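These notes concern the structure reproduced below.
Just so it is clear, the values below take in all heavy atoms, side chains as well, and ignore hydrogens, waters and symmetry mates. Naming: A, B, ... by sequence-line order, numbering from 1 per chain. Quick caveat, the model's predicted, so the values are computed rather than measured.
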Amino acid sequence: MIVADQKPIEEILQMLEPYKKVLFLGCQTCVAVCMAGGEKEVGLLAAAVRLARKQQGRPIEIIEGAVKRQCDDEFNEPWAKTIEQQEAVLSLACGVGVNKLSERFDVPILPALNTKFFGEVERQGVWAEVCAGCGNCILHLTGGICPIARCAKNLLNGPCGGVRADGTCEVAHNGPRPCAWVMIYERLGKLNQRQNIENIFAAKDWSSDRHGGPRKRVREDMLLET
Amino acid sequence: MPESNLQRALEAKKFVVTAECGPPKSADRRVIEEKAKLLKDWVDAANVTDNQTAVTRMSSLAACAILKSFGLDPVFQITCRDRNRIALQSDILGAYALGIRNVLCLTGDHQSFGNHPQAKGVFDLDSVHLIETVKKMRDEGRFLSGDELTGERPAMFIGAVENPFAPPYEFRALRLKKKVEAGAQFIQTQIVYNIQRFREFIARVGDLGLLDKVYIIAGVSPIKTPGAAKYMRDNVPGLDVPNEIVSRMEAAGKGIEDKQARAEAWRQEGIKICVELIQQLKEIQGVAGVHIMAIEWEEAVPEIVQKSGLKS
């Protein structure tokens, strides 16, 4: 799923400063599951903002709502009339939702979240990045463990010399993480597939990643005649 | 006849000595000039680090050119952290044009350790790809993409690094093999303090039949204080400092009240340990030389070289 974090309330209040009539619109898919921007978070955030603005002596009128998937016009359309009557919309979706609403409506759409990564649920309350969406998957060769997402240097011929004695990565900016290449090495051992990493993995063609420019997928057979 | 002095010495079966030369955090060329004068008569080549530990310094390319002008044979360290394949290849061409004949290909320390942790890391290629790329430019006259060079090829002597002291230990020799297959002609290792583990590593490299395909230059580094020894033992990933070395450093300063005298006793012990390690390394078949990393302590290099009996 797409994992996101709510922005600090101070930053949200600053964004909302010019506005007195705002729709807080959540999204009920990824960001609801990772407890950042679903219906429940909309309610909590709206209550906090109302209270803060009341204390400032500048009350704000907030409508609360949430859609199934903010990344798709189809689900946003029932809210069109409401959105058009607002001074702004605070979107609690990921950045995709914010972009989608901005393409459709001539109203400022503000991001309440910082969108972070594609993640797995590591355990209750913890999400971890395991796929980078690079557009050219090699997981069948690396025992299902992605070196692009999980190695701090996205090495294809790791591990580097910065592995700690306990097998964790020296880069611990976001807390200790196991070295992806130690994981790959151990996993391939279990699968009896170590030969996969005996040869050199060629330099990656990053044009399938963001470096080829913003990406798009087209399914010709799904297009509707216009 | 190879243009690299380092390559000539290795091919002549000389036990080589190289030393690290760290560029300043300034634009002051005199810092490099002083280090050049200090090292010139004692080493076969001098390595210039490339923004080591991700701290911004004078470029390794510029410092290499200064060393060259003082008659040293520079080893241009180049990392994949700050340059994509376009910039890497461009710097290889530029380095060769400036007379630099050795290149040491590294992935590079992660930017989060340096003085700009906000930086965007590049890591377009990894060290293995970089080795392949330099080889391709040199031997085939082509860039990584296949596009042709239009004239003189960079006839570089290609080096790489490997760390015998980081897990998975049994994979390290295989990773070195990948680097040799990619085109590495010499390998500089992580600093050796644990000689036993290093011997095991060399034995594995030998088992893979690599010892006559690549020159292994063992890293050594004199320790200045017991505190530094402890710090390296406890806090530097990929370094293996046995307790015995820490104890020796502590014992060296014991009972000496005068601060300066104590520091001197520590330094002497640090140099002594380094010399002993070099002598042990020299006896290991397959070790072609040593690389002395006397970080911001280049003055120690002549003494270490002399005391090791590598040059009088």
Side-chain angles (χ1 to χ4, degrees), chain A residues 132 134 138 142-143 145 147-190 193-212, chain B residues 53-54 79-81 84-85 88 106-113 117-118 121-133 136 144-145 160-172 174-183 189-191 208 219 233-240:
Chain A
C134 71
I138 54 162
T142 58
I145 293 157
I148 304 299
R150 304 175 80 164
C151 167
K153 303 176 187 173
N154 57 249
L155 296 183
L156 283 163
N157 295 286
C160 74
V163 188
R164 294 176 192 273
D166 65 358
T168 58
C169 175
E170 65 178 346
V171 179
H173 184 69
N174 297 309
R177 307 286 309 161
C179 164
W181 275 99
V182 170
M183 288 170 77
I184 291 168
Y185 179 76
E186 284 171 2
R187 169 99 173 135
L188 290 178
K190 277 185 206 154
Q193 291 178 0
R194 285 249 169 92
Q195 69 277 8
N196 289 5
I197 54 168
E198 277 172 19
N199 298 317
I200 296 168
F201 274 66
K204 192 172 174 64
D205 177 353
W206 291 105
S207 65
S208 65
D209 190 272
R210 289 202 60 257
H211 304 276
Chain B
T53 65
T79 73
C80 301
R81 178 193 55 230
N84 66 10
R85 62 192 78 184
L88 287 165
L106 303 127
T107 299
D109 294 318
H110 194 264
Q111 63 276 7
S112 60
F113 296 105
Q118 309 84 356
V122 178
F123 303 113
D124 174 18
L125 302 182
D126 67 21
S127 55
V128 175
H129 304 140
L130 178 55
I131 297 162
E132 281 182 318
T133 302
K136 191 168 179 176
L144 180 61
S145 64
V161 298
E162 191 48 65
N163 185 355
F165 308 105
Y169 306 111
E170 60 285 2
F171 187 62
R172 291 292 162 182
L174 270 168
R175 187 158 184 264
L176 184 147
K177 186 173 177 229
K178 283 190 181 183
K179 292 190 173 182
V180 175
E181 279 167 3
T189 76
Q190 173 61 290
I191 302 167
L208 293 173
R233 181 190 63 189
D234 300 333
N235 298 307
V236 182
L239 266 186
D240 182 344

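- Between the CD atom in B/Glu181 and the CD1 atom in A/Ile200 there is a gap of 6.0 Å [rounded to 0.5 Å].
- Closest of all the heavy-atom pairs between A/Pro159 and B/Arg172 is O-NH1, 3.0 Å.
- The side-chain heavy atoms of A/Tyr185 and B/Pro167, taken from C-beta on, include no pair separated by under 4.5 Å.
- In this structure, chain A has a heavy atom under 4.5 Å from the side chain of B/Phe113, while its backbone stays farther away.
- Looking at B/Asp240, neither its backbone nor its side chain comes within 4.5 Å of chain A, counting heavy atoms on both sides.
- Atom SG of A/Cys160 is separated from atom CZ of B/Arg175 by 7.0 Å, given to the nearest 0.5 angstrom.
- A distance-only check finds no donor-acceptor pair linking the side chain of A/Asn157 to the backbone of B/His129 [under 3.5 Å].
- Heavy-atom neighbours of B/Arg233 CZ from other residues, nucleotides or ligands within 6.0 Å: above the threshold of 12.
- In the displayed structure, A/His211 atom NE2 is contacted under 6.0 Å by more than 12 heavy atoms of other residues, nucleotides or ligands.
- Neither the backbone nor the side chain of B/Gln111 comes within contact range of chain A, judged by heavy atoms closer than 4.5 Å.
- To the nearest 0.5 Å, the span separating NZ on A/Lys153 from CG on B/Asp109 amounts to 6.0 Å.
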Worksheet item: Going through the distances and angles, do A/Trp206 and B/Asn84 end up as a side-chain contact (heavy atoms from CB on, under 4.5 Å)?
Response: CA-CA 11 Å; A/Trp206 291 105; B/Asn84 66 10; over 6 Å; no

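- Of the listed residues A/His173, A/Arg194, A/Glu170, A/Glu186, the one with more heavy-atom pairs under 4.5 angstrom with chain B than any other is A/Glu170.
- The candidate with the highest count of non-hydrogen atom pairs below 4.5 Å against chain B, out of A/Leu155, A/Asp209, A/Asp166, A/Val171, is A/Val171.
- Taking every heavy atom of both residues into account, A/Lys204 and B/Arg85 meet most closely at O-NH2, 2.6 Å.
- Contacts of B/Leu144 with chain A are made by side-chain atoms alone, with heavy-atom separations under 4.5 Å and no backbone atom involved.
- Contact tally against chain A (heavy-atom pairs below 4.5 Å) for B/Leu174, B/Asp124, B/Val236, B/Asn163: the top residue is B/Asp124.
- Only the backbone of A/Ala202 has a heavy atom closer than 4.5 Å to any heavy atom of chain B.
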